[in-house]
Amino acid sequence: MNEKTILAKKILEEENLTLVLVGENETLKSTARGVSGLLKLYDEKKDLSAFCAADKIVGKGAAVLFFLLGVREIYAEVLGEKAKEFLEENGVSVFSGTVTERIVNRKGDDLCPIEKAVGDENDPEKAVILIKKRISEMMKNNG
């Protein structure tokens, strides 16, 4: 891991955050759950190509967003197998505490809804559409 990834991991652990992005002169921190923090950065058209990241849980949805944001190196405490495959196939360095076959939902009784939505879609732009559609459906059902 490079210095920025090591620093991001340290901040993630020490400050009990869900996402940390370390750039040259900027550090972005989040406690947002799921992919919402990454999706916000994506919608803002943020270029994170100079950033390295540390995240609590990286499923395929988060992996796609990291890739589209330009992040080149990521540490995930928990990394989904599909996310690992996607990142490696797309030239993103990834390190993890644990690699798991399935990323589960918050209740722990089913697959993560974002993981389900993205499925086997490997086109990043199509995957983002699926993520946004799923989040919209979930907000309608909970709103």
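All values reported here derive from a predicted model rather than from experimental measurement.
Checking each of I74, I11, L28 against L21 for a side-chain contact (heavy atoms from CB on, under 4.5 Å) leaves exactly one that passes, namely L28. Under the side-chain contact (heavy atoms from CB on, under 4.5 Å) test applied with L65, the options L41, I114, V58, V35 reduce to a single match, V35.
L87 and Y75 end up in different hydrophobic clusters when Ile, Leu, Val, Met, Phe, Trp and Tyr side chains are linked at under 4.5 Å. Hydrophobic clustering (ILVMFWY, side-chain heavy atoms < 4.5 Å, transitive): F67 and V22 are in distinct clusters. Transitive grouping of hydrophobic side chains (ILVMFWY, heavy atoms separated by less than 4.5 Å) keeps M139 and I129 in distinct clusters. V94 and V20 are members of different hydrophobic clusters when ILVMFWY side chains are connected at heavy-atom separations under 4.5 Å. Put simply, I6 and L17 are part of two different groups of oily side chains (I, L, V, M, F, W, Y) that touch within less than 4.5 Å, one to the next.
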Practice task
Begin with the C-alpha distance, continue with both residues' side-chain angles, and end with the deciding distance and a verdict on side-chain hydrogen bond (donor to acceptor under 3.5 Å, both in side chains) for K82 and N122.
Solution key: CA-CA 10 Å; K82 286 185 176 184; N122 284 318; over 6 Å; no
Practice task
Determine, step by step, whether E125 and L68 satisfy the side chain to side chain contact (heavy atoms under 4.5 Å, CB included) criterion, reporting the C-alpha distance in whole Å, the side-chain angles of both residues, the deciding distance to 0.1 Å, and the verdict.
Solution key: CA-CA 8 Å; E125 299 297 336; L68 288 171; 3.5 Å; yes
Exercise for the section: Mind running side chain to side chain contact (heavy atoms under 4.5 Å, CB included) on D47 and L69 for me, showing each step along the way? Expected result: CA-CA 6 Å; D47 174 13; L69 287 162; over 6 Å; no
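Contact check for F66 versus L19: side-chain heavy atoms found under the 4.5 Å cut-off. Side-chain contact between D43 and K132 is present, with at least one heavy-atom pair separated by less than 4.5 Å. Contact check for L39 versus S36: no side-chain heavy atoms found under the 4.5 Å cut-off. In this structure, the side chains of K29 and L12 stay at 4.5 Å or more apart for every pair of heavy atoms. R72 is not listed as a side-chain neighbour of S93, based on a closest heavy-atom distance of 4.5 Å or more. Contact of the V104 side chain with the L111 side chain is not registered, since no non-hydrogen atoms from C-beta on lie closer than 4.5 Å.
Side-chain atoms of T18 come within 3.5 Å of backbone atoms of A32 as a donor-acceptor pair (strictly under, hydrogens ignored). In this structure, the side chain of N105 engages the main chain of G108 through a donor-acceptor pair within 3.5 Å. Within the 3.5 Å criterion, the main-chain N or O of N2 finds a donor-acceptor partner in the side chain of E73. A distance-only check finds no donor-acceptor pair linking the side chain of K140 to the backbone of I135 [under 3.5 Å]. Between the side chain of D123 and the main chain of A127, no donor-acceptor pair closer than 3.5 Å is present. With hydrogens and angles ignored, the 3.5 Å screen pairs no side-chain donor or acceptor of N90 with any backbone N or O of V92.
Ion pairing between K56 and E77 holds under the 4.0 Å rule for side-chain N and carboxylate O. Of the charged side-chain nitrogens involved, none lies within less than 4.0 Å of a carboxylate oxygen, so that K60 and D120 do not count as a salt-bridged pair.
Pairing each heavy atom of V71 with each of F51, the nearest pair is CG1-O, 3.7 Å. In plain terms, the two heavy atoms of D110 and R102 that are nearest each other are C-NH2, 3.9 Å. The two residues P124 and F86 come nearest to each other via the heavy atoms CG-CZ, 4.0 Å. The shortest heavy-atom contact between T5 and C52 is OG1-CB, 3.2 Å. The heavy-atom pair separating A117 from L130 by the smallest distance is O-CD1, 3.5 Å.
For the atom pair CG (N141) and OG (S136), the distance works out to 9.5 Å, reported to the nearest 0.5 Å. The OG atom of S96 sits 10.5 Å away from atom NZ of K9, with the distance rounded to the nearest 0.5 Å. Distance check, rounded to the nearest 0.5 Å: CD1 of I131 to CD of E115 gives 9.5 Å.
Other residues, nucleotides and ligands place more than 12 heavy atoms under 6.0 Å from the NZ atom of K4. Within a 6.0 Å radius of CD in E15, more than 12 heavy atoms belonging to other residues, nucleotides or ligands are found.
V78 pairs by the side-chain contact (heavy atoms from CB on, under 4.5 Å) definition with I57, T100, I103, not counting sequence neighbours. Partners of E101 under the side-chain contact (heavy atoms from CB on, under 4.5 Å) rule, at least two apart in sequence or in another chain, are E81.
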